[in-house]
Amino acid sequence: EGLRWRKSCGLRPGLGCLVSVRLETREVHRTALCRERTAPTFQETRIIPYSGETLIEFVVVNQYSWGRERYVGSAMLALADMQNFEGPLELRAKDKPAGRLHVQV
């Protein structure tokens, strides 16, 4: 069995923005680099391996041409007893709002 998810992101990127999807601390997917300047949108649907993990984390980073990444923010979603979820997640960085990420799990 796997988790199916789709996401869109409303942030202002540097040179490009991507989302790392993690189950617990293990990265299970990384989006393609989105180069939209005003509001990057990721319309990706993936089925990712799921083995009873309790948390899914979405980490948004800006990526620069020389390979360096700058952390933008992250959001977590508890998976325990959840059937479906669709809606915005508030991204946080250092306990401050950092944007929104719309996901469907």
Side-chain angles (χ1 to χ4, degrees):
E1 185 173 305
L3 294 173
R4 182 182 299 272
W5 59 278
R6 182 186 72 204
K7 63 201 163 314
S8 62
C9 179
L11 300 171
R12 299 182 70 81
L15 297 179
C17 185
L18 60 87
V19 179
S20 169
V21 180
R22 301 172 184 177
L23 288 174
E24 305 294 347
T25 58
R26 179 177 52 95
E27 183 176 75
V28 293
H29 179 67
R30 184 172 272 231
T31 65
L33 188 65
C34 180
R35 298 187 184 274
E36 293 177 35
R37 296 263 181 213
T38 55
T41 301
F42 302 89
Q43 292 294 331
E44 295 188 21
T45 300
R46 294 285 183 271
I47 295 176
I48 55 178
Y50 175 66
S51 302
E53 292 87 354
T54 58
L55 289 173
I56 187 168
E57 181 180 21
F58 300 91
V59 179
V60 179
V61 296
N62 279 339
Q63 190 167 33
Y64 296 94
S65 59
W66 53 89
R68 196 179 105 214
E69 293 180 349
R70 184 179 65 82
Y71 176 76
V72 174
S74 65
M76 286 194 198
L77 187 60
L79 296 174
D81 300 323
M82 184 179 67
Q83 295 297 319
N84 294 313
F85 174 84
E86 181 175 1
L89 295 176
E90 296 295 324
L91 294 171
R92 309 265 319 156
K94 297 182 181 178
D95 257 349
K96 295 182 179 176
R100 285 186 166 179
L101 184 69
H102 186 92
V103 299
Q104 180 181 1
V105 178

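Residue numbers start at 1 and run along the sequence shown.
Both Val103 and Leu91 are part of a single hydrophobic cluster, where members link through side-chain heavy atoms under 4.5 Å apart. By the criterion of side-chain heavy atoms lying less than 4.5 angstrom apart, applied directly or through intervening Ile, Leu, Val, Met, Phe, Trp or Tyr residues, Leu89 is grouped together with Val72 in one hydrophobic cluster. Met76 and Tyr71 end up in different hydrophobic clusters when Ile, Leu, Val, Met, Phe, Trp and Tyr side chains are linked at under 4.5 Å. Both Val60 and Leu77 are members of a single hydrophobic cluster when ILVMFWY side chains are connected at heavy-atom separations under 4.5 Å. Under the 4.5 Å side-chain contact rule for hydrophobic residues, Val28 and Tyr50 share a cluster.
Counting heavy atoms from C-beta on, the side chains of Val19 and Glu44 never come closer than 4.5 Å. Here the side chains of Arg46 and Thr31 are not in contact, with every heavy-atom distance at 4.5 Å or above. Phe58 has its side chain within reach of Val105: a pair of non-hydrogen atoms, C-beta onward, lies under 4.5 Å apart.
Considering every non-hydrogen atom in both Leu33 and Gly16, the closest pair reads CD1-C, 3.5 Å. The minimum heavy-atom distance linking Gly73 with Ala93 is given by the pair CA-CB, 4.2 Å. The two residues Glu57 and Glu24 make their nearest non-hydrogen contact at OE1-O, 4.4 Å. Listed here is the closest heavy atom pair of Ala78 and Leu55: CA-CD2, 3.9 Å. The shortest heavy-atom contact between Pro49 and Leu23 is O-CD1, 3.0 Å.
Ion pairing between a basic and an acidic side chain is recognised when a charged N comes within 4.0 Å of a carboxylate O; Arg92 and Glu90 show no such pairing.
Summarising the geometry, atom NE2 belonging to His29 is positioned 9.0 Å from atom OG belonging to Ser20; distances are rounded to the nearest 0.5 Å. With rounding to the nearest 0.5 angstrom, the CD atom of Glu53 is 8.5 Å from the CD1 atom of Ile48. Between Gln63 atom CD and Cys34 atom SG the span is 12.0 Å, to the nearest 0.5 Å.
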For this session: Show your working on side chain to side chain contact (heavy atoms under 4.5 Å, CB included) between Glu27 and Val59 and close with a plain yes or no.
Result: CA-CA 10 Å; Glu27 183 176 75; Val59 179; over 6 Å; no
